[in-house]
Amino acid sequence: MLRNIVRTGRWLVHRRRINSFTPVILNKFACADNLKASYIILNQRKFATNQTNSSQSSDVVDPLVFEEICNETLESLCDYFEEIIERSANLKGADVTFSDGVLTVALGSSYGTYVINRQSPNKQIWLSSPVSGPKRYDLILKDGGYWVYKHDGLTLHKLLQEEISKIVDSKINFGSCAHGFI
């Protein structure tokens, strides 16, 4: 009977009907030495991948903490973008809206629109920039929490600081915003 269960489990995994059937079966019926060895190897692989990802990953962040940090970040960016628009002569007619976790900064037809939004399932903030394109920022909990694009190591606030400074032709400092690490 055990042999049939293991064969069925392997068939289902091979056919991608299920992902983790075999370790569950092996956990319940691991009495033979070869089955125990297989189970230990599978568990070690699973543990090793979880261990390497958990050091800086936002996967281990409590959802309530993520939502709080995300809302603080977006509200702070919204307030700062409003200040920038008020101070800049070349951004007359620009508009900032923040609703339901989506911050939209329309800088006019010549500069484009920035969209910064919360992605709770992925525990990320997504940025759509008219200059640099789309990026997905992960939450790093060190130093009070900040957002980093893992492909280039650049923080959300640093990228915004560089791009917006060029648009308004003056030095902008996003480092004073909540969870801004420059």
Side-chain angles (χ1 to χ4, degrees), residues 9 12-13 16-28 30 38-85 95-106 113-164 172-182:
L12 289 171
V13 170
R16 299 196 189 276
R17 305 267 169 114
I18 61 169
N19 291 331
S20 59
F21 181 73
T22 305
V24 172
I25 294 300
L26 292 175
N27 187 21
K28 290 184 179 179
S38 299
Y39 178 70
I40 290 169
I41 290 170
L42 289 171
N43 266 352
Q44 286 174 344
R45 284 188 199 152
K46 189 174 183 181
F47 177 76
T49 58
N50 287 344
Q51 188 176 20
T52 57
N53 291 340
S54 66
S55 63
Q56 288 189 345
S57 176
S58 59
D59 293 341
V60 296
V61 176
D62 182 68
L64 296 175
V65 172
F66 168 79
E67 292 295 326
E68 182 179 334
I69 290 174
C70 197
N71 285 333
E72 288 174 359
T73 302
L74 293 173
E75 288 172 4
S76 176
L77 288 173
C78 179
D79 293 341
Y80 195 61
F81 271 114
E82 288 173 350
E83 287 178 29
I84 292 170
I85 290 171
D95 186 38
V96 177
T97 58
F98 178 56
S99 177
D100 295 327
V102 179
L103 173 62
T104 306
V105 183
T113 301
Y114 284 82
V115 179
I116 307 168
N117 63 312
R118 170 182 62 230
Q119 289 293 321
S120 296
N122 300 340
K123 295 184 181 170
Q124 294 176 327
I125 284 184
W126 289 6
L127 167 72
S128 175
S129 165
V131 177
S132 60
K135 296 187 186 288
R136 297 176 179 187
Y137 290 88
D138 294 299
L139 177 61
I140 305 298
L141 290 176
K142 292 190 292 187
D143 300 322
Y146 60 94
W147 303 92
V148 67
Y149 184 58
K150 291 193 176 181
H151 295 286
D152 63 8
L154 199 61
T155 65
L156 171 66
H157 292 76
K158 178 77 171 168
L159 178 84
L160 290 173
Q161 180 171 303
E162 291 173 359
E163 291 184 8
I164 302 299
I172 301 294
N173 184 10
F174 277 90
S176 61
C177 294
H179 306 287
F181 185 77
I182 306 266

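Everything quoted here is computed from the prediction, not taken from an experiment.
For the atom pair E67 CD and K123 NZ, the distance stands at 9.5 Å (nearest 0.5 Å). With rounding to the nearest 0.5 angstrom, the CG atom of N117 is 8.5 Å from the CD1 atom of I125. Distance CG/L156 to CZ/R136: 15.0 Å, rounded to 0.5 Å. The line from CG of L74 to CG of D100 is 11.5 Å long, rounded to the nearest 0.5 Å. Rounding to the nearest 0.5 angstrom, the gap separating the NE2 atom in H157 from the OG atom in S76 is 6.0 Å. The distance from atom CZ of F174 to atom CD of E162, rounded to the nearest 0.5 Å, is 11.5 Å.
In summary, of the residues considered (T73, D138, T155), a side-chain hydrogen bond (donor to acceptor under 3.5 Å, both in side chains) with W147 occurs for T73 alone. The only member of I69, L139, D143 that meets side-chain contact (heavy atoms from CB on, under 4.5 Å) when paired with H179 is I69.
The environment of NZ in K158 is sparse: at most 12 heavy-atom neighbours from other residues, nucleotides or ligands sit within 6.0 Å.
Contact check for I140 versus K150: side-chain heavy atoms found under the 4.5 Å cut-off. Counting heavy atoms from C-beta on, the side chains of S128 and Y114 never come closer than 4.5 Å. The shortest distance between side-chain heavy atoms of I116 and L77 falls below 4.5 Å. Counting heavy atoms from C-beta on, the side chains of T104 and V96 never come closer than 4.5 Å. By the 4.5 Å heavy-atom criterion applied to side chains, Y137 and L127 are counted as neighbours. Side-chain contact between P134 and W126: absent, with no pair of heavy atoms (C-beta onward) separated by less than 4.5 Å.
Residues G175 and Q161 come closest through the heavy atom pair N-OE1, 4.0 Å. Y80 approaches S176 most closely through the heavy-atom pair CE1-OG, 4.5 Å.
Taking the centre of each ring, F81 and F98 stay at or above the 6.0 Å mark.
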